[in-house]
6 protein chains.
Amino acid sequence: MYQIGIVKRSITRAVAAAVERLAGFGVATVHEAMGRVGLMKPYMRPIFPGAQIAGSAVTVLLQPGDNWMLHVAAEQIRDGDIVVAACTADNDDGFFGDLLATSFRARGAKALVIEAGVRDVKVLTEMGFPVWSKSVSAKGTVKSTLGSVNIPLVCAGALVQPGDAIVADVDGVVVVPAALAAKVADAAAAREANEGDKRAKLAAGVLGLDMYKMREPLEKAGLKYID
Amino acid sequence: MYQIGIVKRSITRAVAAAVERLAGFGVATVHEAMGRVGLMKPYMRPIFPGAQIAGSAVTVLLQPGDNWMLHVAAEQIRDGDIVVAACTADNDDGFFGDLLATSFRARGAKALVIEAGVRDVKVLTEMGFPVWSKSVSAKGTVKSTLGSVNIPLVCAGALVQPGDAIVADVDGVVVVPAALAAKVADAAAAREANEGDKRAKLAAGVLGLDMYKMREPLEKAGLKYID
Amino acid sequence: MYQIGIVKRSITRAVAAAVERLAGFGVATVHEAMGRVGLMKPYMRPIFPGAQIAGSAVTVLLQPGDNWMLHVAAEQIRDGDIVVAACTADNDDGFFGDLLATSFRARGAKALVIEAGVRDVKVLTEMGFPVWSKSVSAKGTVKSTLGSVNIPLVCAGALVQPGDAIVADVDGVVVVPAALAAKVADAAAAREANEGDKRAKLAAGVLGLDMYKMREPLEKAGLKYID
Amino acid sequence: MYQIGIVKRSITRAVAAAVERLAGFGVATVHEAMGRVGLMKPYMRPIFPGAQIAGSAVTVLLQPGDNWMLHVAAEQIRDGDIVVAACTADNDDGFFGDLLATSFRARGAKALVIEAGVRDVKVLTEMGFPVWSKSVSAKGTVKSTLGSVNIPLVCAGALVQPGDAIVADVDGVVVVPAALAAKVADAAAAREANEGDKRAKLAAGVLGLDMYKMREPLEKAGLKYID
Amino acid sequence: MYQIGIVKRSITRAVAAAVERLAGFGVATVHEAMGRVGLMKPYMRPIFPGAQIAGSAVTVLLQPGDNWMLHVAAEQIRDGDIVVAACTADNDDGFFGDLLATSFRARGAKALVIEAGVRDVKVLTEMGFPVWSKSVSAKGTVKSTLGSVNIPLVCAGALVQPGDAIVADVDGVVVVPAALAAKVADAAAAREANEGDKRAKLAAGVLGLDMYKMREPLEKAGLKYID
Amino acid sequence: MYQIGIVKRSITRAVAAAVERLAGFGVATVHEAMGRVGLMKPYMRPIFPGAQIAGSAVTVLLQPGDNWMLHVAAEQIRDGDIVVAACTADNDDGFFGDLLATSFRARGAKALVIEAGVRDVKVLTEMGFPVWSKSVSAKGTVKSTLGSVNIPLVCAGALVQPGDAIVADVDGVVVVPAALAAKVADAAAAREANEGDKRAKLAAGVLGLDMYKMREPLEKAGLKYID
């Protein structure tokens with residue numbers, strides 16, 4: 001159950017070196033390496049193409065039409081963090097724009113992930129400040145109702161603990177528990193090493209049917225070839 | 001109540017100089033300067049990135065699957081106008097393509113805002129003719145049922161009077177009543193002047209919490225910091 | 001009725017020369033040339049801008065969360081084919097990524113059209129392998145339940161027979177029956193020839209109202225001009 | 001452009017007798033009688049079946065997650081009114097429940113039409129207080145940001161002036177300008193009188209093709225019968 | 001590819017006795033009996049609860065905002081038919097109301113399945129004329145553009161041939177090829193006979209885990225029980 | 001992070017007496033009593049009207065198109081439980097029908113809450129077995145991929161721990177942490193006691209403006225009354 005009106009100052013962040021490694025693999029590989037869990041819903045999209053990042057989560061619970069807690073969150077940002085914001089109700093308002101981005105960047109934030117709307121997308125793009133959001137809207141917000149900062153929360157269907165590693169790219173956003181960041185990075189590396197060989201074979205025309213030895217299980221499942 | 005089958009030829013356009021100034025501020029700033037009203041729903045998106053424009057509205061009410069009135073509207077376009085089109089029912093057909101864009105441009109139109117679909121997006125992009133629409137669809141339309149031109153109408157949730165100033169960029173589309181265009185441009189200028197200073201402070205690491213003097217109201221609202 | 005568990009090996013593809021010509025016209029023109037039928041629903045969008053292609057359909061019926069049949073389909077691909085995949089239930093998982101793209105390309109595939117999700121979009125973009133999909137998602141799939149390959153199927157609201165010509169660009173995806181590909185290409189060419197002249201007139205300021213002789217039918221329909 | 005922070009106390013309501021007549025016809029007939037304009041979008045649905053009503057609009061502009069203005073509106077309700085509420089951003093919160101319904105009814109309100117969410121649907125149903133809404137949600141709202149009461153506003157795509165006649169049933173919600181209520185009621189009556197005869201013929205097996213004399217225009221349009 | 005402007009008069013209907021049997025099983029059982037194919041998308045919903053029917057399809061292709069072809073279709077209805085209507089573009093208008101229902105019933109139609117909107121739902125409910133639709137809307141339609149009657153078409157994602165058996169209830173709508181109706185009814189009967197025994201065991205507390213012998217495959221798949 | 005392939009047998013359920021009390025208050029009151037947290041998204045709707053229940057959560061994580069884990073979950077059900085099921089990807093298939101309902105009821109389950117589809121709705125309604133779901137679909141599922149039972153999971157945007165109290169009615173579904181069930185029931189009782197008095201005043205025509213002393217804060221916020 002969410003606690004409202006709380007700011008937790010001390011959180012345990014994922015180890016920076018592991019987070020850095022995760023950034024290199026991208027979301028699809030990390031998601032596979034975790035056993036296909038922790039992915040946010042696919043309506044979370046980047047506001048500009050090309051960004052592929054990872055960082056530790058500072059979490060923010062917002063109220064609809066109210067971005068007060070993003071200002072509170074700014075103070076809790078440490079170098080390399082990604083702010084992850086959810087709202088108590090679906091809302092497409094523009095909770096975040098270029099002023100907050102300037103502030104977040106000055107505090108060391110790498111990006112924002114928000115299950116809501118953002119605005120000033122032209123300037124955010126010029127700044128190169130990446131955002132994954134549910135929508136874009138010029139509509140501003142008020143500052144009058146409390147939410148919370150650094151509580152566990154659900155963002156776009158994924159549970160996020162403060163300090164968890166967040167990996168985001170054009171394929172979406174995935175959440176890696178802080179304690180598992182290094183282990184998941186290892187698994188991702190192993191997976192990627194394995195893929196290079198597969199890619200070469202497939203590029204040479206070898207079929208996945210043969211490479212993955214699927215012909216027998218397909219036949220057992222009853223697949224029929226006809227002409 | 002919409003009047004069907006009407007073309008109003010004489011409309012009062014927003015003053016061109018004021019419209020020109022509005023284009024410079026962008027949608028988020030203009031929307032704030034108006035007191036956060038007049039914004040279209042966020043599903044209205046540009047077909048290509050980068051355009052930021054303003055113009056006076058020539059309004060068009062369409063019937064589903066029928067673009068006859070866009071041809072009627074072309075004759076009413078004056079230099080610097082933006083055509084704003086709504087449909088009597090939600091419809092994603094491609095009401096507008098490169099031929100109409102050629103005609104609209106020849107008449108002086110700067111852009112199209114349409115709560116429906118458009119097509120020939122590749123050519124529209126090459127032409128640099130900006131469109132904000134609800135969807136993209138190759139499906140063409142017929143020319144058999146009357147709508148109206150230059151009546152007040154609702155487009156994507158916003159009321160548009162013919163002649164109103166329309167401002168559009170990547171953040172969305174906002175409607176400024178013609179009579180208020182200059183006043184809103186002044187308010188936007190004041191707002192923007194004010195933002196430069198804030199941006200510099202935030203970039204230097206000053207917190208919004210302090211700059212906006214939020215700590216006391218947050219405490220009064222009951223915010224608790226824990227470790 | 002779909003047959004499940006079937007792979008049809010011999011299909012009649014649209015004539016390559018006709019397919020090639022269709023690629024040049026783009027979707028909106030081809031759709032008009034066919035009499036405005038055969039278009040997929042407009043939620044099918046390209047994962048990167050700029051691609052405009054045509055090819056013969058290899059069809060794949062998938063089960064939700066399961067991409068086994070895409071591997072089966074790879075073997076049926078011939079040079080110039082486009083794989084067209086639908087799912088027995090709406091599902092946004094990432095059924096297709098860079099490994100399958102490598103394999104499909106090695107087999108001669110030009111593109112994928114899938115009413116579901118794809119992933120590895122960054123690499124697919126770098127490879128220049130075009131995909132039209134309903135969504136993007138990093139979530140991978142299992143390989144355990146049979147679908148079919150090269151059966152007639154419904155993809156995004158359009159009926160696709162194996163071998164049909166598929167034309168896709170930024171405006172969407174259209175299906176041309178294999179036997180009609182040449183005839184439709186002829187009709188598209190005629191249509192396009194006709195458009196150049198219209199475009200020149202419209203660019204010179206001639207109104208569609210006059211060029212298409214709409215004034216009389218509009219008046220008969222009851223259109224009133226007021227000041 | 002919406003004015004924020006305004007309550008208009010004196011509004012011109014549609015004549016009660018005309019409103020009463022409109023209630024008897026239902027939404028589809030009234031909408032036809034108006035020339036097919038004024039209809040709200042079809043996502044506005046009744047919370048329980050069976051209600052068919054009409055009344056004069058008291059309009060309310062809400063902020064997302066904030067129902068303060070509904071309390072302000074209660075004081076402006078006169079006997080026979082229908083409260084019509086819109087929100088400055090899409091929001092599904094439960095802005096209205098049984099306490100407000102008790103208050104609205106005590107003031108004479110017949111119903112609520114709200115482009116947002118409501119709650120306490122079980123009690124509202126027991127009370128027989130009809131509501132047309134976009135959604136149902138138990139989530140309550142705060143009372144901290146101003147909107148307006150009795151300003152012209154857009155609700156679910158339709159422009160509503162305070163005092164306009166609102167007609168609502170299972171087919172949706174339609175807005176009749178106050179000054180036209182009697183005239184529209186006359187037109188609806190004429191339409192309905194005409195329908196009885198048609199219904200009898202159709203029930204006897206006469207085809208619309210013959211009754212509406214469609215065979216010739218269909219043939220002219222090119223319709224072909226094949227066996 | 002759809003043919004536009006065609007009415008096919010002679011179609012081969014599913015055998016009435018088989019259709020009658022299908023009505024008794026309901027959609028979920030028939031869908032299973034067919035091997036899980038032929039189901040329309042789940043947004044197709046009944047306008048009132050309780051109806052469970054089957055009939056032979058008379059198909060209608062509509063244009064957006066235009067119900068002309070429903071009048072043409074009326075003449076093709078034979079006793080026991082279900083009219084299945086799709087539109088060339090997504091459209092929620094109310095294409096069908098009580099007058100058409102009166103006509104359809106007089107011609108012997110059992111129901112309407114329409115991937116679009118309907119109106120006069122109160123009267124349709126009183127008449128007991130069942131409709132499965134995508135939406136409800138009071139908005140009427142024009143009669144000016146040709147579609148077709150009794151061509152193969154795609155309705156809500158399912159391919160429907162004229163004459164196919166249609167089964168519809170609260171679970172949705174399924175299409176059974178005319179030639180397979182009897183065979184599918186047999187399979188459904190076998191399935192249902194089998195279910196009675198299972199239901200009794202499950203009601204007595206036997207677990208599906210044991211009844212379906214799932215414990216071993218679950219263990220093989222790696223399922224772990226922990227305390 | 002979800003663990004896949006796990007069944008937890010021993011969970012700590014909310015105290016039955018407290019759960020029983022929660023059922024009496026309904027979702028809106030319980031949600032308020034918790035401080036407006038724990039609510040599932042409003043797309044979760046009951047399959048038939050009238051049910052208002054509470055129980056302890058047995059949680060199930062499903063794979064798309066695969067209901068194997070619901071059979072595994074049946075064995076973990078104790079008297080008074082509510083099964084809460086989520087899926088690793090959005091999926092509208094009918095994961096649950098009358099056979100599973102028979103089994104669940106025999107094991108003591110009161111209801112199902114599932115962020116996916118269900119089928120056999122007619123029989124479920126006759127049985128009086130309540131379900132809150134995202135959709136209804138006749139499409140069945142396979143049994144081949146592992147999920148988990150009794151792990152913490154996110155269902156329709158809410159975090160659910162196994163054993164948590166679930167309250168559901170026509171307003172939606174709310175999750176109460178097991179340890180807080182009694183305390184929340186107390187708060188709900190206090191709230192409800194308070195509401196009776198308010199309701200009487202409002203029914204007598206007292207305005208919320210006066211009862212809640214809103215006039216002064218509204219004036220301070222700048223509200224203007226005009227005639």
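Below, chains carry the letters A, B, ... as their sequence lines are ordered, and counting in each starts from 1. Bear in mind that the values here come from a model prediction, so they are computed numbers and not experimental data.
- The residue among A/Pro49, A/Gly50, A/Pro42, A/Gly172 with the most heavy atom pairs within less than 4.5 Å of chain C is A/Pro42.
- For C/Phe25, there are no ring pair (Phe, Tyr, Trp, His ring centres under 6.0 Å) partners two or more places apart in sequence or in a different chain.
- Nearest heavy-atom pair, C/Ala138 versus A/Val27, reported as atom, atom and distance to 0.1 Å: CB-CG1, 3.5 Å.
- Between chain C and the residues A/Leu207, A/Val30, A/Val170, the most heavy-atom pairs under 4.5 angstrom are made by A/Leu207.
- No part of C/Met127 comes within reach of chain A, as not one of its non-hydrogen atoms sits under 4.5 angstrom from that chain.
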Please tabulate, one pair per line, the donor and acceptor atoms of chain A and chain C that lie under 3.5 Å from each other, or say none if there are none.
from: C/Gly5; atom 1: O; to: A/Lys224; atom 2: N; distance (Å): 2.8
from: C/Val7; atom 1: N; to: A/Lys224; atom 2: O; distance (Å): 2.7
from: C/Val7; atom 1: O; to: A/Ile226; atom 2: N; distance (Å): 2.8
from: C/Lys8; atom 1: NZ; to: A/Asp227; atom 2: O; distance (Å): 3.1
from: C/Arg9; atom 1: N; to: A/Ile226; atom 2: O; distance (Å): 2.8
from: C/Arg9; atom 1: NE; to: A/Asp227; atom 2: OD1; distance (Å): 3.2
from: C/Glu75; atom 1: OE1; to: A/Arg215; atom 2: NH1; distance (Å): 3.1
from: C/Glu75; atom 1: OE2; to: A/Arg215; atom 2: NH1; distance (Å): 3.3
from: C/Glu75; atom 1: OE2; to: A/Arg215; atom 2: NH2; distance (Å): 2.9
from: C/Asp98; atom 1: OD2; to: A/Arg199; atom 2: NE; distance (Å): 3.2
from: C/Asp98; atom 1: OD2; to: A/Arg199; atom 2: NH2; distance (Å): 2.5
from: C/Arg119; atom 1: NH1; to: A/Glu32; atom 2: OE2; distance (Å): 2.9
from: C/Arg119; atom 1: NH2; to: A/Glu32; atom 2: OE2; distance (Å): 3.0
from: C/Asp120; atom 1: N; to: A/Asp171; atom 2: OD1; distance (Å): 3.1
from: C/Asp120; atom 1: N; to: A/Asp171; atom 2: OD2; distance (Å): 2.6
from: C/Val121; atom 1: N; to: A/Asp171; atom 2: OD1; distance (Å): 3.0
from: C/Lys122; atom 1: NZ; to: A/Gln52; atom 2: OE1; distance (Å): 3.2
from: C/Ala138; atom 1: N; to: A/Asp171; atom 2: O; distance (Å): 3.2
from: C/Thr141; atom 1: O; to: A/Arg36; atom 2: NH1; distance (Å): 2.8
from: C/Thr141; atom 1: O; to: A/Arg36; atom 2: NH2; distance (Å): 2.9

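- With a 4.5 Å cut-off on non-hydrogen atoms, C/Ile6 touches chain A through its backbone and its side chain both.
- For chain A, the nearby parts of C/Val142 are the backbone and the side chain; heavy atoms of each come within less than 4.5 Å.
- Between C/Val7 and A/Ile226 there is no side-chain heavy-atom pair separated by less than 4.5 Å.
- When heavy atoms are compared at a cutoff of 4.5 Å, A/Leu223 approaches chain C by way of both its backbone and its side chain.
- When each of C/Gly147, C/Ala74, C/Gly140, C/Gly117 is checked for heavy-atom pairs under 4.5 Å with chain A, C/Gly140 comes out on top.
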